[in-house]
Amino acid sequence: MNANSEFDSELHRTAIAQLDRVAARLGLDADIHGRLRYPRRALVVSIPVRMDSGKTEVFVGYRVHHNTVLGPTKGGLRYAPDVDLGEVSALAMLMSWKCALMSLPYGGAKGGVRCDPRKLSMQEKENLTRRYTAEIILMIGPDLDIPAPDLGTDEQTMAWMMDTYSMTQGKSVPGVVTGKPLIVGGSAGRREATGRGIVYTLYQAARHLGQELRGRKVVVQGFGNVGAVAARLLWREGCTIVGISDVKGGIWKPDGIDIRQLEAHVAETGSVTGFPGSEPISNSDLITQPCDVLIPAAVGGQIHEGNADRVKASIVAEGANGPTTPEADVILRERGATVIPDILCNAGGVVVSYFEWVQGLQYYFWRESEITARLQEVMTRAFNRVWALGSKEGVDLRTAALMEGIKRVAEGYKVRGLYP
Ligand code: NAD
């Protein structure tokens, strides 16, 4: 079977290769395997946006549903300069395995708009988001497909999406998106959920490896929603955060970065770079600096064949989606590093998105302590299931997590059968 050319991209080839490898190990039915390699549906839209200059610029956007076998689809919306159909399709596939692994009643989806959000004003971002939402409106809905924030999007983006959708329905429909502001039906703890989930998986990994998390040296690539929260929580837990970066560059401080001071610096300057008392370092050099835990929490493909043998961390916690290439995965495994795979490590976001969706449907909201306790329970259970399967089958955590997720989706296909 060849990867279908419409969806071809590096990340899609990686996602297909992972699926094929795990399908062979699971002895998956060939017909079901064939169906899982394709998205169920994909929409490509052009988005005319009135810019502040008065001119109209056209952007390209996507929304992809990978499968709907376990329920409505769920997945983030990404604003980035290099987004394409293949990347969005691959991320939608990963969402399918992630939701199934976490036992959530969702299929996988993803959206993207090719743009550089840093170059857009608030007004331009709002125009873009509203028109994109209008263009994909047939694809989304509270029991159809529920977007959430991802790279380059945030609570405000979700509020605009919710408002645009609601206007077309003549009523307020909070359940159409998750990760929205609290005031319009967001969930306590959603903003911190992905970073918090990473910390819970790290706790479990350290426990299984007979280590203490406290006192470990940590490097975090990316200081956005995911990276900043993970760094703050690990710093509070007594880890030493020795290096951090964002899109503008990195900082290195072997005696530890005070995250509260760094947050103030970022609020003032817009970047981690230039943090007093730190040395500048490039994003690529940061990956191979000496540390115990490496958390890639920015974009895909950051740990690759060219740098994996120089990664010093004994634990790699994948906050980002697809940060490790398949070649690098093999090298890390041979070096004895423990990689907590993306579909497990960063699943805290979709778990609390699920809580938000459930709360919204019931118009009954939980306290943050309840959310956090439930998140911890779900993440810990999933981690321990994956660890046990990995030990039983003699495979790494990524293979075990994919086996568990893909198997559940395949079982869903099997019992539902083929229409018509
Ligand atoms: P964000 O936009 O809030 O932050 C991204 C961070 O990465 C910023 O600090 C940015 O400056 C930096 N960055 C961007 N491009 C970079 C590059 N080329 N090199 C180095 N740094 C770069 O995004 P986020 O929501 O924190 O998402 C980060 C990653 O986590 C993405 O891969 C996303 O798919 C994944 N993820 C996010 C969530 C979520 O709930 N937000 C959930 C699961 C996975």
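As the structure lists them, so they are numbered: ligands from 1, and atoms in each ligand from 1. When a residue number appears, it is its place in the shown sequence, counting from 1.
From the protein, the heavy atom lying nearest to atom 26 (O) of ligand 1 is V226 N, 2.9 Å. In this structure, atom 5 (C) of ligand 1 lies nearest to the protein heavy atom L151 CD1, 3.7 Å. Closest to atom 18 (N) of ligand 1, if we only count protein heavy atoms, is V299 CG2, 3.6 Å. For atom 34 (O) of ligand 1, the closest non-hydrogen atom on the protein side is D150 OD1, 2.7 Å. Nearest non-hydrogen protein atom to atom 41 (N) of ligand 1 is N225 OD1, 3.6 Å. When only non-hydrogen protein atoms are considered, atom 42 (C) of ligand 1 lies nearest to T194 OG1, 3.4 Å. Nearest to atom 9 (O) of ligand 1 among the protein's heavy atoms is F223 N, 2.9 Å.
The closest side-chain donor-acceptor pair between Y203 and Q376, if any, does not fall under 3.5 angstrom. A donor atom on one side chain and an acceptor atom on the other are found under 3.5 Å apart for N321 and N346. Looking only at atom types and distance, the side chain of E318 has a donor-acceptor partner in the side chain of T324 under 3.5 Å away. S89 and Y62 form no side-chain donor-acceptor contact under 3.5 Å, judged by distance and modelled atom types alone. R21 and Q18 form no side-chain donor-acceptor contact under 3.5 Å, judged by distance and modelled atom types alone.
Within ligand 1, the atoms closer than 4.0 Å to a non-hydrogen atom of G152 are 2 (O), numbered from 1 in the order shown. Here is the list of ligand 1 atoms found below 4.0 Å of a heavy atom in R78: 31 (C), 32 (O), 33 (C), 34 (O). Atoms of ligand 1 lying under 4.0 Å from any heavy atom of R190, numbered from 1 in the order shown and given with element: 40 (O).
Closest heavy-atom approach to atom 28 (C) of ligand 1 within the set A297, G319, G224, A320: this belongs to A297. Among V352, D342, N346, V350, the residue whose heavy atom lies closest to atom 44 (C) of ligand 1 is N346. Relative to atom 32 (O) of ligand 1, the option among A228, G270, A298, G222 with the closest non-hydrogen atom is A298. Relative to atom 10 (C) of ligand 1, the option among I198, V266, V247, V351 with the closest non-hydrogen atom is V247. Considering each of L286, N283, D154, the one bringing a non-hydrogen atom nearest atom 20 (C) of ligand 1 is N283.
Considering backbone and side-chain N/O atoms, G227 never comes within less than 3.5 Å of an N/O atom of ligand 1. Between Q221 and ligand 1, no N or O atom pair is found at a separation short of 3.5 Å. Between T153 and ligand 1, not a single N/O pair is under 3.5 Å apart. Close N/O approach between S245 and ligand 1 is not found [any backbone or side-chain N/O within under 3.5 Å].
By the neighbour-count criterion of 12 heavy atoms within 6.0 Å, atom CD of E268 is sparsely surrounded, having that number or fewer from other residues, nucleotides or ligands. Within 6.0 Å of the CZ atom in R216, the count of heavy atoms belonging to other residues, nucleotides or ligands exceeds 12.
Ionic pairing of E155 and R190 is not present here: no N-O contact between side-chain nitrogen and carboxylate oxygen is shorter than 4.0 angstrom. Ion pairing of D342 with K98 is absent here, as no side-chain N (NZ or NE/NH1/NH2) approaches a carboxylate O to less than 4.0 Å. Between D163 and R130, at least one side-chain N (NZ, or NE/NH1/NH2) sits under 4.0 Å from a carboxylate O, which counts as a salt bridge.
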From CA spacing to verdict: salt bridge (Lys or Arg N to Asp or Glu O under 4.0 Å), R196, E368
CA-CA 13 Å; R196 196 167 265 153; E368 181 157 2; 3.4 Å; yes
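K312 places none of its side-chain heavy atoms less than 4.5 Å from the side chain of K217.
Every heavy atom of K248 sits 4.0 Å or more from the atoms of ligand 1.
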